[in-house]
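Following: one structure in structure tokens, then a few remarks.
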Amino acid sequence: MPLLDRRLVVVSGKGGTGKTTVSAALAVLASRSGKRVLICEMDAKGSLAAAFDVGSLPFDAVEVSPNLFAMAMNTEDSLREYLRRFAHIPFVGRLGVLARTFDFVADAAPGVKEILSLGKLCYEVRERHYDMVIVDGVATGHVIAQLAAPDVIGELIKVGPVHEQTRWMREILADPAQCGVVLVTTPEEMPVVETAELVDQIRAQTQVDVAAIVANRVLPELFGRNDEMVFDALGHGAALDALHAAIGGEVDAVLEGARLAVTMRRGGAAQLETLRDRLPAGIGVLYVPELFSRSTGRRSAELVADALGEELL
Ligand SMILES: Nc1ncnc2c1ncn2[C@@H]1O[C@H](COP(=O)(O)OP(=O)(O)OP(=O)(O)O)[C@@H](O)[C@H]1O
Ligand SMILES: [Mg+2]
């Protein structure tokens, strides 16, 4: 199922690789095509608000651009909404004692917080409040626990409303036509190794389909083979002497810069090859270039959306 046709897309990956940027860009891309999109930040960093040039994001989604609604996850608000909707407790103001009890239970029982946060988003999918829900998800170390939470709790609690909740969540999460994970990496050794391992873990320990890998911050090929030959020729012997005589020692820094650009690009390309070799068949890699512009926030999201659009559309 094409990525943009899925209704729930969870973005994860190693810290700092561009999860928030890529999530925002996917949301921009989907909303451009007229879809009504919800994007949710799962960690409380506030980077998603910055990606849309707004100060902060509340739990109740706000429209940050036409068709694009953004929210920040908050387990206490999610619990309150859950109680209102499913336990028919009409209004819970300040949760007070209940919240403290909840924290106690949630800290002791794995999966409770995860199921409340992911459950809220699955609910939005189930009720078709949005055409697409994009999750700026938790990083590598935590995403398995989040995606597997309905399985874990569903096995623990076999009857009643909580079991019913895990049942329909699992139906959405396990259906590759509806849900998929996108893992973001950069073309560097550690992120690539971590990504390949995470793909294996997601496939082994959860029901969720890995929809695509985004290789972010890929360096452009500034110089081709012929350019390299030119730089090599200029870098020693009579040519270099002539350049030194005509221009001076500054020439060395320029030649060094060119060599560095070639080395970095080649190193990144080798890492991307390793990544493609390690990935199971059928998982595509989408490439997003390093943005050299000074733009931040919404402008960056738009530029990354353009790049992803070329890869996807
Ligand atoms: N393609 C790109 N070109 C240039 N800079 C980028 C690109 N993608 C992301 N960045 C920059 O890298 C930094 C980290 O990006 P981002 O916040 O999206 O990563 P993250 O994975 O969400 O991080 P965290 O793990 O902290 O949540 C930001 O400063 C962002 O602007
Ligand atoms: Mg982030």
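Atoms within a ligand are numbered from 1 in the order they appear, just like the ligands themselves. Everything quoted here is computed from the prediction, not taken from an experiment.
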ask   = Hey, which protein N/O/S atoms does the Mg ion (ligand 2) have under 2.8 Å?
value =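 Short answer, with waters excluded from the count: Thr20 OG1.
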query = If we only count heavy atoms from C-beta on, is the Leu38 to His129 side-chain gap below 4.5 Å?
reply =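 No. Closest side-chain heavy atoms not under 4.5 Å.
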message = With a sphere of 6.0 Å drawn around CD of Gln205, does it hold more than 12 non-hydrogen atoms of other residues, nucleotides or ligands?
response =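 For Gln205, atom CD is crowded (more than 12 foreign heavy atoms under 6.0 Å).
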ask   = Between Arg7 and Asp175, is the closest basic N to carboxylate O distance under 4.0 Å?
value =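 No, this pair does not count.
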request  = Using a strict cut-off of less than 4.0 Å between a Lys/Arg side-chain nitrogen and an Asp/Glu carboxylate oxygen, indicate whether Arg167 and Glu164 qualify as a salt bridge.
outcome  =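 A salt bridge links Arg167 with Glu164.
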message = Before you tell me yes or no, could you show the steps for Arg278 and Asp200 under salt bridge (Lys or Arg N to Asp or Glu O under 4.0 Å), namely the whole-Å CA-CA distance, both residues' side-chain angles and the distance that decides it to 0.1 Å?
response = CA-CA 10 Å; Arg278 276 284 320 262; Asp200 295 342; 3.0 Å; yes
ask   = Counting N and O atoms only, with roles assigned by atom type, does the side chain of Lys19 sit under 3.5 Å from a partner on the main chain of Lys14, one being a donor and the other an acceptor?
value =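 Yes, because the side chain of Lys19 sits within donor-acceptor range (under 3.5 Å) of the backbone of Lys14.
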Tabulate distances under 3.5 Å between N/O atoms of ligand 1 and N/O atoms of the protein, writing both atom names on each line.
| unit_1 | atom_1 | unit_2 | atom_2 | d |
| --- | --- | --- | --- | --- |
| ligand 1 | 1 (N) | Asn216 | OD1 | 2.9 |
| ligand 1 | 1 (N) | Pro289 | O | 3.0 |
| ligand 1 | 3 (N) | Leu291 | N | 2.8 |
| ligand 1 | 5 (N) | Arg217 | NH2 | 3.3 |
| ligand 1 | 8 (N) | Asn216 | ND2 | 2.9 |
| ligand 1 | 12 (O) | Arg217 | NH1 | 3.1 |
| ligand 1 | 18 (O) | Thr20 | N | 3.4 |
| ligand 1 | 18 (O) | Thr21 | N | 2.8 |
| ligand 1 | 18 (O) | Thr21 | OG1 | 2.5 |
| ligand 1 | 19 (O) | Gly18 | N | 3.1 |
| ligand 1 | 21 (O) | Gly16 | N | 3.3 |
| ligand 1 | 21 (O) | Thr17 | N | 3.3 |
| ligand 1 | 21 (O) | Gly18 | N | 3.0 |
| ligand 1 | 21 (O) | Lys19 | N | 2.8 |
| ligand 1 | 21 (O) | Lys19 | NZ | 2.9 |
| ligand 1 | 22 (O) | Lys19 | N | 3.4 |
| ligand 1 | 22 (O) | Thr20 | N | 2.8 |
| ligand 1 | 22 (O) | Thr20 | OG1 | 2.8 |
| ligand 1 | 23 (O) | Gly16 | N | 3.2 |
| ligand 1 | 25 (O) | Gly16 | N | 2.8 |
| ligand 1 | 25 (O) | Lys19 | NZ | 2.8 |
| ligand 1 | 26 (O) | Lys45 | NZ | 3.2 |
| ligand 1 | 27 (O) | Lys45 | NZ | 3.3 |

inquiry  = Tell me which pairs pass side-chain hydrogen bond (donor to acceptor under 3.5 Å, both in side chains) where either residue lies in residues 232-241, with sequence neighbours left out.
reply    =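 Found none.
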key: Sequence neighbours excluded, every pair satisfying ring-ring contact (aromatic ring centres under 6.0 Å, His included) that has a member inside residues 58-79   =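 The answer is Phe69-Tyr130.
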message = Parallel, tilted or perpendicular, judged at 30° and 60°: which one describes the rings of Phe223 and Phe231?
response =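 It falls in the perpendicular class, over 60°.
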